[in-house]
Structure formats: structure tokens, C-alpha cells
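If you read the sequence from its start, that first residue is 1, and numbering goes on from there.
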Amino acid sequence: MSTEIFTKYIDSPLGQLEVSATESYLTSILFVDTQKKPSPRKEATLYVPAIIETYQQQIQEYFDGTRKDFDIPFQHEGTDFQKSVWEKLITIPYGKTISYLELSRRIGNEKAIRAVGTTNGANKFNIIVPCHRVIGANGSLVGYGGDLWRKKWLLEHEAKHTGNYQTSMF
């Protein structure tokens, strides 16, 4: 039995977001540089599940600076190790950053720093699973699948809305 996946493209200050979901949960939120054309079947129906509309409202609130946490169901597909890393990402507070080494420590395996970095990069839920809040041990911006300029924008956006903003953070 297959679960149908629906996709909608949402404009944001960081470019388009490709949001995919079933009727019950989000399956991915990814940055895209150009809009893909929906399949003829989806184009004909133009149906968008309510969960995508809810996400669209919540992401707009995030960009407006009024939302700091998301309360929308999503499902990560991955190994137990990957899921443990992604679960720790969600615990990083809005406007705060940690290093990849600290993230490795939080999952209980300091030596897994490379695997943690790879897993961080495999996150399919941009912004709501805040992989952008993980930085280099020296405070530098490193490793972000959505491009470093987006990571910088997100961190500065969150800092601005927590009162921690400095003119040149990165």
C-alpha cells in the first residue's frame, strides 16, 4: 500500500522551498533554485493537503520573527543513528549554535563527528530541523546543504529576533 506524496513550492526570503507531504505528515522541506513542474496528474487536481497549508503558515511566522518552534508532524527516513542526530538537532534552541563536536557529544559518541556532519547534511527538513544551527568548533560557518549564504541568513535572522544580533556575526 503506497502513500501518495503531494508537493507544493513556497516562496521564501531564501528562495523557493519544495514542501512534500502525505495527508498526515511532512516528508521533506528542501531549498530549490528553480521551480519544478508538477506531474500532469497533480497539476490537474491542484490538491494540497491541509498539513502543507499549516506548514506554510508556520514558516511565514518564522520568517516574520514570531515563531521560534514548529509543531507540525514530519517523518524522517533514516537509520537509528541518523534519527538520533536529527532528534538532537531539534533540541538546539532558536538563536543558539553548537559545534559538530558538541553535537557528537550530545549523541554520546564524540568520535562520530564525521558521521554526525554527514547526517546533518542529509537532513530533509530545512529550518524545522535546525541543522543550520551547527557550526565549526572555531565559530565558522561550515557545511550546509542549502548553501552557506542561507545558513548565515538563518542564523542572523534568529539572532535578530532573540536580541543577540551583532553587525558581523560571521
Side-chain angles (χ1 to χ4, degrees), residues 1-78 82-98 103 118-135 141 143-165 169-170:
M1 181 174 177
S2 68
T3 304
E4 187 168 6
I5 305 290
F6 302 91
T7 300
K8 181 175 181 178
Y9 294 86
I10 298 172
D11 290 327
S12 83
L14 300 170
Q16 286 195 324
L17 293 166
E18 179 186 82
V19 182
S20 297
T22 67
E23 289 286 345
S24 307
Y25 56 86
L26 297 175
T27 59
S28 67
I29 304 164
L30 302 169
F31 293 115
V32 292
D33 292 324
T34 59
Q35 184 171 350
K36 298 176 187 173
K37 297 216 182 238
S39 68
R41 181 175 171 210
K42 289 182 183 174
E43 192 171 350
T45 63
L46 296 177
Y47 173 76
V48 176
I51 193 163
I52 292 179
E53 299 299 332
T54 301
Y55 168 76
Q56 188 168 4
Q57 176 185 346
Q58 289 188 15
I59 197 65
Q60 185 59 53
E61 292 166 355
Y62 171 87
F63 287 126
D64 290 344
T66 60
R67 175 173 291 276
K68 295 180 177 31
D69 297 302
F70 294 88
D71 60 351
I72 192 159
F74 62 92
Q75 186 170 317
H76 254 130
E77 297 291 331
Q82 289 173 319
K83 289 177 183 179
S84 73
V85 171
W86 295 323
E87 287 170 11
K88 289 298 180 193
L89 289 173
I90 295 170
T91 68
I92 304 169
Y94 179 96
K96 302 288 184 189
T97 59
I98 65 170
L103 183 55
T118 300
T119 299
N120 200 45
N123 173 30
K124 289 186 177 182
F125 294 93
N126 289 320
I127 305 172
I128 69 170
V129 176
C131 56
H132 61 276
R133 296 180 188 152
V134 183
I135 61 174
L141 296 183
Y144 189 63
D147 290 326
L148 289 180
W149 70 269
R150 285 187 178 111
K151 183 173 190 164
K152 179 180 181 195
W153 191 98
L154 289 165
L155 292 175
E156 289 179 348
H157 170 76
E158 291 181 6
K160 181 172 66 174
H161 291 284
T162 57
N164 296 329
Y165 186 73
M169 295 177 57
F170 304 100

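- Trp86 and Ala122 make their closest contact through CZ2-O, 3.8 Å (heavy atoms, listed as atom of the first residue, atom of the second, distance).
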Problem - Worked verdict on Val19 versus Thr7 for side-chain contact (heavy atoms from CB on, under 4.5 Å) - result: CA-CA 5 Å; Val19 182; Thr7 300; over 6 Å; no

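- Scored by the ring-ring contact (aromatic ring centres under 6.0 Å, His included) test, Trp153 finds Phe63, His157 as partners (sequence neighbours excluded).
- Listed here is the closest heavy atom pair of Pro73 and Ser24: CG-O, 3.4 Å.
- Considering Arg150, Glu158, Lys152 in turn, Glu158 is the only one that fulfils the side-chain hydrogen bond (donor to acceptor under 3.5 Å, both in side chains) rule with His132.
- Nearest heavy atoms, Lys68 versus His161: NZ-O, 3.6 Å.
- Side-chain N/O atoms of Gln57 and Glu53 include no donor and acceptor closer than 3.5 Å.
- The shortest heavy-atom contact between Thr162 and Gly95 is CG2-CA, 4.2 Å.
- In this structure, Glu87 has no side chain to side chain donor-acceptor pair (under 3.5 Å) partners at least two apart in sequence or on a different chain.
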Practice task
Walk me through it: do Thr97 and Ile92 pass the test side-chain contact (heavy atoms from CB on, under 4.5 Å)?
Solution key: CA-CA 7 Å; Thr97 59; Ile92 304 169; over 6 Å; no

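- Here NZ of Lys83 is found 6.0 Å from CD of Glu77. Values are rounded to the nearest 0.5 Å.
- Note that OG1 of Thr27 is 8.0 Å distant from NZ of Lys124, once rounded to the nearest 0.5 Å.
- Listed here is the closest heavy atom pair of Ile51 and Tyr25: CD1-CA, 3.3 Å.
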Problem - Test side-chain contact (heavy atoms from CB on, under 4.5 Å) applied to Tyr62 and Leu154, step by step - result: CA-CA 10 Å; Tyr62 171 87; Leu154 289 165; 3.5 Å; yes

Exercise for the section: Show your working on side-chain hydrogen bond (donor to acceptor under 3.5 Å, both in side chains) between Glu18 and Gln16 and close with a plain yes or no. Expected result: CA-CA 6 Å; Glu18 179 186 82; Gln16 286 195 324; over 6 Å; no

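- In terms of modelled atom types and a separation under 3.5 Å, the side chain of Asn123 and the main chain of Val129 share a donor-acceptor contact.
- Put simply, NE2 on His76 and CG on Leu89 are 8.0 Å apart, with the number rounded to the nearest 0.5 Å.
- Shortest non-hydrogen contact noted between Asp71 and Gln58 is OD1-NE2, 2.5 Å.
- The shortest distance between side-chain heavy atoms of Arg67 and Tyr94 does not fall below 4.5 Å.
- Between atom CG of residue Leu17 and atom CZ of residue Phe31 there is a gap of 5.5 Å, rounded to the nearest 0.5 Å.
- The line from OG of Ser20 to CZ of Phe125 is 9.0 Å long, rounded to the nearest 0.5 Å.
- Here the NZ-CG distance, from Lys151 to Leu14, works out to 14.0 Å after rounding to the nearest 0.5 Å.
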Handout entry: Stepwise side-chain contact (heavy atoms from CB on, under 4.5 Å) test for Phe70 and Ile90
Key = CA-CA 10 Å; Phe70 294 88; Ile90 295 170; over 6 Å; no

